[in-house]
There are 2 protein chains.
Amino acid sequence: MHLEERQKRILAAVVQEYVLTGEPVGSRTIARRYNLGVSPATIRNEMADLEEMGFLEQPHTSAGRIPSDYGYRYYVDHLMEPQGLSPEEQEHIRRRFQQRVLAVEQLLEETARLLSEITPYTAMALEPNPSRAKIEEVQIMPLAVPHRALLVVVTEGGMVEHRVLTLPPSIYEEDLEKISEALNSVLKGCSLDDLKELKAQVLKEMAKTGEYKDLLGEVGLLLHHLLFLVGNEKVYLEGVFNILEQPEFRDLSRLKELLAFLDQEEALRRLLKAPPRRGLTIRIGQENREEGIDRCSVITISYGVEGKIYGKVGLLGPTRMHYARVISVLQYVAQSLSQVLAQFYG
Amino acid sequence: MHLEERQKRILAAVVQEYVLTGEPVGSRTIARRYNLGVSPATIRNEMADLEEMGFLEQPHTSAGRIPSDYGYRYYVDHLMEPQGLSPEEQEHIRRRFQQRVLAVEQLLEETARLLSEITPYTAMALEPNPSRAKIEEVQIMPLAVPHRALLVVVTEGGMVEHRVLTLPPSIYEEDLEKISEALNSVLKGCSLDDLKELKAQVLKEMAKTGEYKDLLGEVGLLLHHLLFLVGNEKVYLEGVFNILEQPEFRDLSRLKELLAFLDQEEALRRLLKAPPRRGLTIRIGQENREEGIDRCSVITISYGVEGKIYGKVGLLGPTRMHYARVISVLQYVAQSLSQVLAQFYG
DNA sequence: CGTTAGCACTCTTGAGGATGGAGTGCTAAA
DNA sequence: TTTAGCACTCCATCCTCAAGAGTGCTAACG
């Protein structure tokens with residue numbers, strides 16, 4: 001839909017003012033604070049038109065206007081001016097990432113926390129998807145208890161997963177190292193995704209060597225355990241507390257809905273894994289298909305190394321969100337995170 | 001302070017009724033629902049006495065009574081009747097623990113979730129303290145990037161910690177295995193706590209072998225990394241959402257206070273690590289020294305294997321808590337958790 | 001013909017005041 | 001010592017009312 005220049009400026013003014021104050025915006029306010037060179041009456045007329053076109057809404061007859069989801073969408077797509085971060089903020093973010101060398105998991109948790117500190121919204125970070133990452137090393141370590149061992153899998157990018165195994169009586173501690181080696185030689189470079197198809201082949205290969213024939217069943221079990229790791233990327237959630245500051249969640253029932261949503265890691269994972277795989281996504285209000293966040297906006301961005309997509313970070317807040325700033329923050333943080341990952345994990 | 005039999009029964013009635021309804025309890029209600037064989041007027045007199053002694057409080061003149069922290073304390077210490085779990089509930093809990101074999105971390109997360117599902121409160125679980133646990137295995141695994149390696153430490157009980165290391169140019173990938181072996185031979189059986197004192201000694205020992213002289217500095221660095229693992233047991237928090245159902249947190253400002261508290265992992269760790277190390281702890285209202293939970297009760301219980309204390313699990317809710325049930329649940333869950341740990345990790 | 005001033009109208013919000021109910025404390029009788 | 005009766009207190013709810021913000025409409029203006 002085409003908008004006149006003046007309508008665009010008024011829509012932008014309404015969005016900006018509403019994001020700032022959280023109160024419905026009246027024609028007088030806009031006339032006063034944004035000098036458009038026209039009177040409140042004119043603005044009133046334009047606002048009535050914008051409402052009819054679906055960009056604005058009126059909570060009740062004698063209140064000001066607030067942007068509709070569609071209004072926000074138009075603002076984000078056509079009106080919003082990019083708002084870079086100040087050098088101090090950039091410095092602050094860079095510092096946080098360079099403070100310590102961390103394993104990927106801790107790095108992501110730290111990223112989510114950082115985001116929740118520099119924005120008034122709730123931050124999420126999704127682990128790299130282990131199903132696509134290649135296996136770098138598989139180790140089976142003995143535990144103190146007889147016939148228990150720990151399966152540790154290190155995937156590309158320094159992700160570590162571990163599971164406890166119960167070994168059959170036929171396997172002794174001394175065998176574990178050899179089994180590890182054998183597994184390694186076959187599995188190194190595989191992705192967990194490949195594993196399903198490879199499973200049979202791997203078993204055959206190991207059968208050839210003869211040595212571990214007794215263990216084939218067990219190796220199958222190990223692979224089964226490996227496969228279990230697939231598709232359950234952890235989601236790090238920080239700053240749930242932030243949303244209490246947002247006036248739209250003063251209403252307890254709405255707050256409950258949102259918290260009920262945030263309580264389900266599975267739903268968060270879906271939210272972050274939704275396409276596209278790459279780049280920035282903005283979902284405003286009803287554009288979110290998930291239950292309980294139809295009054296929220298979710299902005300996500302991918303991070304990664306060397307063009308491979310590793311995972312996503314994102315922010316969740318009310319539709320009345322400071323889009324320009326949030327996008328700048330996310331872009332800068334994702335970029336910094338990617339750099340650190342590249343630096344330490346190639 | 002000594003209470004008459006009748007006073008005890010009235011106090012117990014007030015606590016039970018208040019826990020049930022959340023409304024201040026009047027004399028008539030007690031006379032009707034708990035047949036004490038006396039009239040409301042008599043109960044009124046006794047309640048006035050109980051208030052004077054500090055067991056009860058009155059929100060305002062013409063309201064019923066509610067228990068004070070002290071009243072709850074007396075109830076918990078002297079009046080509460082243990083309330084066992086139904087066979088169905090016991091079965092349900094046992095099943096949850098036997099469903100899958102999990103690494104300790106996942107097991108604790110699962111425990112917290114279980115607790116938050118079968119009680120209307122917020123559940124916490126504290127990891128075993130790695131500083132006291134003995135090291136079972138140390139492994140340095142190469143990463144794909146040159147001069148980056150992953151330090152994996154497995155401690156007693158199957159806890160796994162890992163950190164990314166930056167190796168100096170003088171160390172090659174081939175050395176890592178040997179270094180791991182050397183470290184292992186010295187460190188196996190150590191606790192991380194011992195490490196501080198052992199550090200110097202370990203370095204000396206390794207110097208004797210001669211072979212790794214160049215690496216002594218690096219080994220020192222590794223030990224430093226190991227020490228970093230100490231004292232930061234993770235806390236698993238589940239069911240924050242539950243507290244919204246509690247009427248005492250309808251008040252937004254109180255809710256904020258509590259959520260601000262729950263947001264600090266450090267505070268939760270302090271809360272769970274507070275003495276005693278062993279057994280059940282009940283802290284009611286002001287007995288909690290931490291800011292933000294002076295209207296809450298915290299009940300914790302230790303879990304462990306073979307008499308060693310491993311960690312704690314606990315529940316946090318309003319002082320108006322169903323103590324008898326919560327205690328039974330915690331005891332049963334801690335016992336089940338301990339059994340699973342014993343079974344898999346000795 | 002677009003823009004603007006003026007004005008009546010609508011709706012929310014908060015304060016003030018009346019009402020009913022729940023529960024108490026006190027007194028006097030059993 | 002216990003209980004019935006009663007006056008009293010305080011909260012919660014509802015209603016009303018006025019103020020304030022903002023609109024839509026109309027008519028006048030350039």
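Below, chain A is the first sequence line, B the second, and so on; all start at residue 1.
Judged by distance alone, with hydrogens and angles left aside, B/Arg44 brings a side-chain donor or acceptor within reach of the base of C/dG25, the pair sitting under 3.5 Å.
Residue A/Ser27 places at least one side-chain N or O closer than 4.0 Å to OP1 or OP2 of D/dT23. A/Arg65 has no side-chain polar atom (N or O) that falls below the 4.0 Å cut-off from OP1 or OP2 of D/dG22. Here B/Thr42 reaches the OP1 or OP2 of D/dT3: one of its side-chain N or O atoms lies under 4.0 Å away.
Rounded to an integer number of Å, the gap from CZ of A/Arg250 to P of C/dT13 is 12 Å.
Side-chain atoms of A/Ala41 lie closest to C/dT4 of the nucleotides D/dT9, D/dT23, C/dT4. The side chain of A/Ser62 lies closest to D/dA21 when the candidates are D/dC11, D/dA21, D/dA4. Of the candidates D/dT23, C/dT24, D/dG22, the closest approach to any side-chain atom of B/Met47 belongs to C/dT24. Of all nucleotides listed (C/dT24, D/dA4, D/dT23), D/dT23 comes nearest to the side chain of A/Gln58.
Put simply, the side chain of B/Ser68 gets close to the backbone of B/Gly54: a donor and an acceptor are under 3.5 Å apart.
The aromatic ring centroids of B/Tyr72 and B/Tyr323 lie less than 6.0 Å from each other.
Among pairs with a residue in residues 15-46 of chain B, none fulfils ring pair (Phe, Tyr, Trp, His ring centres under 6.0 Å), at least two apart in sequence or across chains.
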